[in-house]
Colleague: 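One structure, pasted below without further comment.
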Amino acid sequence: MDRRQAAKRGPARISLALAALVFTLHAATPADYRQKLGVYVWGKLAGGLPAAVTDAKRLGAAGCVRVAIVQTWDPSGKTNPTPLDVKVRRADYRAFLAAFPVVMLTAYDAASSEMYKHGRLDAAHLAATKDEFRRFTLELAKTPGRRIVSNWEFENDCPAQQWLSCQEYYQARLDGILEGREQAKALGYPGEVLTAFEFTVVPGFAGRPSGLVEVGARLKGLDFLSYSCWWSIAAAADAAKVSLDFAYVVPLLRNFASENKLTNRLIIGEFGEWWNVHPTDERMKALADASIDSGAEYLFDWVLYEQPGNKDEWGRDASHFGKYTPSRALTPQGREFERWFQ
């Protein structure tokens, strides 16, 4: 066989190998979904956090959930720039935490005031950030269950020219959480508080630096990696291709983590699609099944409620990701999603 013949056969062999992989993947069960699959609570809510609890559970997504607790968004619809430990003591957040065994929190503090986006924080601000996350962790640990404290999409949170300042800020957050959970353990608090680093760009992505590679791999104290996986969801891919892509990318990330002496516990921090473009659920179910089968511990679908008027970074309508309308009626995607848990 000459080189030209070998080159022609190479892609065919790869295709056969990928096809074989599809047949070895296992479909997740309703029990898997109830334990590992949740929805993201953010944006305009239909009735605050109490309604969000009811609606997530009505879908069947009662095992885990993701929610924001930040300075620039509040479930009430009004900006509330109070420290994290103060905010999480509110009755609506306390009831929300108590309603789910696993809650992932996208958390940002008052102490730093997002100054890390513009330059390196001084020692006083880093110490204040650390202490706010320490206090926040103590409050979280008072409620039984698992709480996973995360950032939001590192490459979108942090301008590329400020990654050093962001690394210092992120490490201060982690140091505060680690100190807080040691104190919580000593006090006998029942809750488990874990950490996550979320990113959007995988190692080896051509033309885009990866926050996981450049920053996440240098952080100390991580329990999970969280992949917000929008770059891996090809717009024109069918369900079989989506399944292949996630059967590839989840092991890629977990292997990278192991090789770099990081935690290889992985969360799919955000996934989803427009239900007006993709009216059936085959693609997202393929994504979820391949991710779970490849070792992802949790997945969070974007988003619980429709967000009328939302635009993406290219100015396109981004309102049709919700499981419910603003009046709390199930969307077409919500009806299909509900069946996964049954």
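Just so it is clear, the model here is predicted, and its values are computed rather than measured. Only this structure's heavy atoms are used, side chains among them; waters, hydrogens and symmetry mates stay out.
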Colleague: Taking atom types as modelled, is there a side-chain donor on Ser258 or Asn264 under 3.5 Å from an acceptor on the other?
Modeller: yes

Colleague: What are the two closest non-hydrogen atoms of Asp55 and Tyr324, and how far apart are they?
Modeller: O-OH, 2.7 Å

Colleague: What do the steps show when you test Val202 against Leu212 for side-chain contact (heavy atoms from CB on, under 4.5 Å), and what is the final call?
Modeller: CA-CA 7 Å; Val202 301; Leu212 172 62; over 6 Å; no

Colleague: Heavy-atom distance under 4.5 Å between the side chains of Asn151 and Thr106, does that happen here?
Modeller: no

Colleague: Atom NZ of Lys57 and atom CZ of Phe100: how far apart are they, to the nearest 0.5 Å?
Modeller: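 Atom-to-atom, Lys57:NZ and Phe100:CZ are 5.5 Å apart.
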
Colleague: Side chains of Tyr170 and Asp157 only: does a donor on one sit below 3.5 Å from an acceptor on the other?
Modeller: yes

Colleague: Is any side-chain heavy atom of Asp74 closer than 4.5 Å to one of Thr79?
Modeller: no

Colleague: Once you round to the nearest 0.5 Å, how far does SG of Cys64 lie from NZ of Lys36?
Modeller: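 Answer for the SG-NZ pair, Cys64 versus Lys36, is 9.5 Å.
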
Colleague: Taking only Lys NZ, Arg NE, NH1 and NH2, and the carboxylate oxygens of Asp or Glu, determine whether Glu139 and Lys142 approach each other closer than 4.0 Å.
Modeller: yes

Colleague: Quick check: do Val249 and Cys229 have side-chain heavy atoms less than 4.5 Å from each other?
Modeller: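 Not touching, per the 4.5 Å side-chain cut-off.
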
Colleague: Check Ala62 against Pro101 and note the closest heavy-atom contact, atom names and distance.
Modeller: O-CD, 3.4 Å

Colleague: Return the minimal non-hydrogen interatomic distance between Ser113 and Ala110, and the atom names on each side.
Modeller: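 Looks like OG-O, 3.0 Å.
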
Colleague: I want to check something: taking the side chain as every heavy atom from C-beta on, are Phe205 and Ser210 in contact at a cut-off of under 4.5 Å?
Modeller: no

Colleague: So, taking the atom named CZ in Arg147 and the one named OG1 in Thr137, what distance separates them when rounded to the nearest 0.5 Å?
Modeller: 12.5 Å

Colleague: Please walk me through it: do Ser228 and Glu198 pass side chain to side chain donor-acceptor pair (under 3.5 Å)?
Modeller: CA-CA 7 Å; Ser228 185; Glu198 182 165 272; 4.6 Å; no

Colleague: Using modelled atom types and a 3.5 Å cut-off, is there a donor and acceptor pairing between side-chain atoms of Asn260 and backbone atoms of Leu262?
Modeller: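 Between the backbone of Leu262 and the side chain of Asn260 there is no qualifying donor-acceptor contact (under 3.5 Å).
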
Colleague: Would you find a donor on one side and an acceptor on the other, under 3.5 Å apart, between the side chain of Tyr108 and the backbone of Trp152?
Modeller: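 Side chain of Tyr108 to backbone of Trp152: a pair is present.
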
Colleague: Whether the side chain of Trp163 engages the backbone of Cys158 through a donor-acceptor N/O pair (distance < 3.5 Å, no angle test) should be reported.
Modeller: yes

Colleague: Search all heavy atoms of Phe271 against all heavy atoms of Trp230 and return the closest pair with its distance.
Modeller: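 Taking every non-hydrogen atom into account, C-CH2, 3.7 Å.
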
Colleague: Using a 4.5 Å cut-off on heavy atoms from C-beta on, say whether the side chain of Thr129 contacts that of Arg173.
Modeller: yes

Colleague: Give the C-alpha distance, both sets of side-chain angles, the deciding distance and a yes or no for side-chain contact (heavy atoms from CB on, under 4.5 Å) between Asp85 and Glu132.
Modeller: CA-CA 7 Å; Asp85 56 307; Glu132 185 170 336; 4.3 Å; yes

Colleague: Walk me through whether Leu174 and Phe197 qualify under side-chain contact (heavy atoms from CB on, under 4.5 Å).
Modeller: CA-CA 10 Å; Leu174 290 166; Phe197 174 78; over 6 Å; no

Colleague: Just wondering, do Glu270 and Trp42 contact through their side chains at under 4.5 Å, heavy atoms?
Modeller: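 No, side chains not in contact.
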
Colleague: If we count only N and O atoms by modelled type, under 3.5 Å, do the side chains of Asp32 and Thr29 hold a donor and an acceptor together?
Modeller: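 Yes, because at least one side-chain N or O of Asp32 sits under 3.5 Å from a partner of the opposite role on Thr29.
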
Colleague: Is it true that a side-chain atom of Arg134 and a backbone atom of Glu179 form a donor plus acceptor pair closer than 3.5 Å?
Modeller: no

Colleague: Would you kindly confirm whether Tyr93 and Val41 end up in one hydrophobic cluster when ILVMFWY residues are joined by side chain heavy atoms under 4.5 Å apart?
Modeller: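 Cluster IDs for Tyr93 and Val41 match.
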
Colleague: Leu304 and Met284: same hydrophobic cluster, using ILVMFWY side-chain contacts below 4.5 Å?
Modeller: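 Result: yes, single cluster for both.
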
Colleague: Report whether Phe96 and Leu59 are members of the same hydrophobic cluster (ILVMFWY, side-chain heavy atoms less than 4.5 Å apart, transitive linking).
Modeller: yes

Colleague: Determine whether a donor-acceptor pair (N or O, by modelled atom type, separation under 3.5 Å) exists between the side chain of Arg120 and the backbone of Glu168.
Modeller: no

Colleague: Quick check: does any side chain N or O of Gln333 sit under 3.5 Å from a backbone N or O of His320, one acting as donor and the other as acceptor?
Modeller: no

Colleague: Are the side chain of Gln167 and the backbone of Val215 linked by a donor-acceptor contact shorter than 3.5 Å?
Modeller: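 Not confirmed, Gln167 side chain does not pair with Val215 backbone.
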
Colleague: Between Lys323 (side chain only) and Val39 (backbone N and O only), is there a donor and an acceptor less than 3.5 Å apart?
Modeller: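 Side chain of Lys323 to backbone of Val39: no pair is present.
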
Colleague: Is it true that Glu282 and Lys285 make a salt bridge, defined as a side-chain N closer than 4.0 Å to a carboxylate O?
Modeller: no

Colleague: Should Ile69 and Phe136 count as side-chain neighbours, where that means a heavy-atom distance under 4.5 Å?
Modeller: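 The answer is yes, as the side chains (C-beta and beyond) meet within the 4.5 Å cut-off.
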
Colleague: Determine yes or no for a side-chain-to-main-chain donor-acceptor pair under 3.5 angstrom, with Arg66 supplying the side chain and Met104 the backbone.
Modeller: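 It does not hold such a pair.
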
Colleague: Nearest 0.5 Å please: distance from the CZ atom of Phe300 over to the OG atom of Ser226.
Modeller: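 Reported value, rounded in 0.5 Å steps: 8.0 Å.
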
Colleague: Considering all heavy atoms of both residues, which atom of Ser291 and which atom of Leu299 are nearest to each other, and what is their separation?
Modeller: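 Distance-wise, the nearest heavy atoms are CB-CD2, 3.7 Å.
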
Colleague: Compute whether any side-chain donor of one residue and acceptor of the other, for Gln307 and Trp302, lie under 3.5 angstrom apart.
Modeller: no

Colleague: Measure the spacing between CG of Leu222 and OG of Ser150 and express it to the nearest 0.5 Å.
Modeller: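 That separation rounds to 9.5 Å.
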
Colleague: Out of curiosity, does Leu37 fall in the hydrophobic cluster containing Leu266 (side-chain heavy atoms, cut-off under 4.5 Å, transitive links)?
Modeller: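 Same cluster.
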
Colleague: If you draw a 6.0 Å radius around NZ in Lys117, do more than 12 non-hydrogen atoms from other residues or ligands fall strictly inside?
Modeller: yes

Colleague: For the rings on Phe321 and Trp275, is their centre-to-centre separation under 6.0 Å?
Modeller: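 No; Trp275 has its ring centre 6.0 Å or more from that of Phe321.
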
Colleague: Indicate whether the side chain of Thr200 and that of Glu153 have a donor and an acceptor atom separated by less than 3.5 Å.
Modeller: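 No donor-acceptor contact under 3.5 Å links the two side chains.
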
Colleague: Would Asp223 and Thr195 count as having a side-chain donor-acceptor pair, cut-off 3.5 Å?
Modeller: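 Checked: Asp223/Thr195 side chains pair up, N/O donor to acceptor below 3.5 Å.
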
Colleague: Starting from Val149, can I reach Leu178 by hopping between I/L/V/M/F/W/Y residues whose side chains sit under 4.5 Å apart?
Modeller: no

Colleague: Does some side-chain heavy atom of Leu253 sit less than 4.5 Å from a side-chain heavy atom of Pro203?
Modeller: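 Yes; the side chains approach each other to less than 4.5 Å.
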
Colleague: Return the orientation label for the Trp340 and Phe337 ring planes: parallel under 30°, perpendicular over 60°, tilted otherwise.
Modeller: tilted

Colleague: What's the spacing between Leu138 CG and Ile177 CD1 if we round to 0.5 Å?
Modeller: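 Interatomic distance, Leu138 CG to Ile177 CD1, rounded to 0.5 Å: 11.5 Å.
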
Colleague: Locate the shortest heavy-atom distance separating Met115 from Ala111; write the atom from each residue and the value.
Modeller: CE-O, 4.4 Å

Colleague: Going through the distances and angles, do Glu273 and Val242 end up as a side-chain contact (heavy atoms from CB on, under 4.5 Å)?
Modeller: CA-CA 12 Å; Glu273 65 182 357; Val242 170; over 6 Å; no

Colleague: Is Ser165 reaching over with its side chain to a backbone N or O of Tyr116, donor-acceptor style, under 3.5 angstrom?
Modeller: yes

